[in-house]
Amino acid sequence: MYGIDAKSKDDEYIVQAEQTVAAINEAATANYLVDLFPSLGMLPSWAPGGTFKCAAEKWKEPVQVMPKACLNFVKEQLVSFLEEPTSLL
């Protein structure tokens, strides 16, 4: 996807994708009181019942990093392609 050629299981894009899928899976299957009482979303993370905020903060990074990394890769490839001299004749 995005023209990325992953070389091995340890490739940074594979690792990021696995972390993102794990975070989304954990968030989708977690049971927090905020699901039943949305007003608990206003609680600070240190308050009783606010543990979901700590978990969400942990999930936030991989979910945001992966798409940005992939799009940055595409941008770099596009810039390098546009900088190459071409002959259209």
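The residues of the chain are indexed from 1 along the displayed sequence.
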query = Is there a path of hydrophobic side-chain contacts, each under 4.5 Å between heavy atoms of I, L, V, M, F, W or Y residues, that connects F52 with W59?
reply = yes
query = So, E26 and K58, do they make that salt bridge, N to O below 4.0 Å?
reply = yes
inquiry  = Give me the atom names and distance for the closest heavy-atom approach of M66 to A17.
reply    =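 Heavy-atom minimum between the residues: SD-CA, 3.4 Å.
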message = If you compare all heavy atoms of P62 against all heavy atoms of T20, which two are closest, and at what distance to 0.1 Å?
response = O-OG1, 2.8 Å
query = How many angstroms lie between OG1 in T51 and CG in L43, if you round to the nearest 0.5 Å?
reply = 10.0 Å
query = Once you round to the nearest 0.5 Å, how far does CD of Q16 lie from CG of D11?
reply =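 Result: 9.0 Å between the selected atoms.
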inquiry  = For E57, run the side chain to side chain contact (heavy atoms under 4.5 Å, CB included) check against E61, K60, K53 and tell me which one passes.
reply    =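 Looking at E61, K60, K53, the match for E57 under the side chain to side chain contact (heavy atoms under 4.5 Å, CB included) is K60.
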task = Please list all pairs passing the side-chain hydrogen bond (donor to acceptor under 3.5 Å, both in side chains) test where one or both residues lie in residues 64-75, with sequence neighbours left out.
result = none
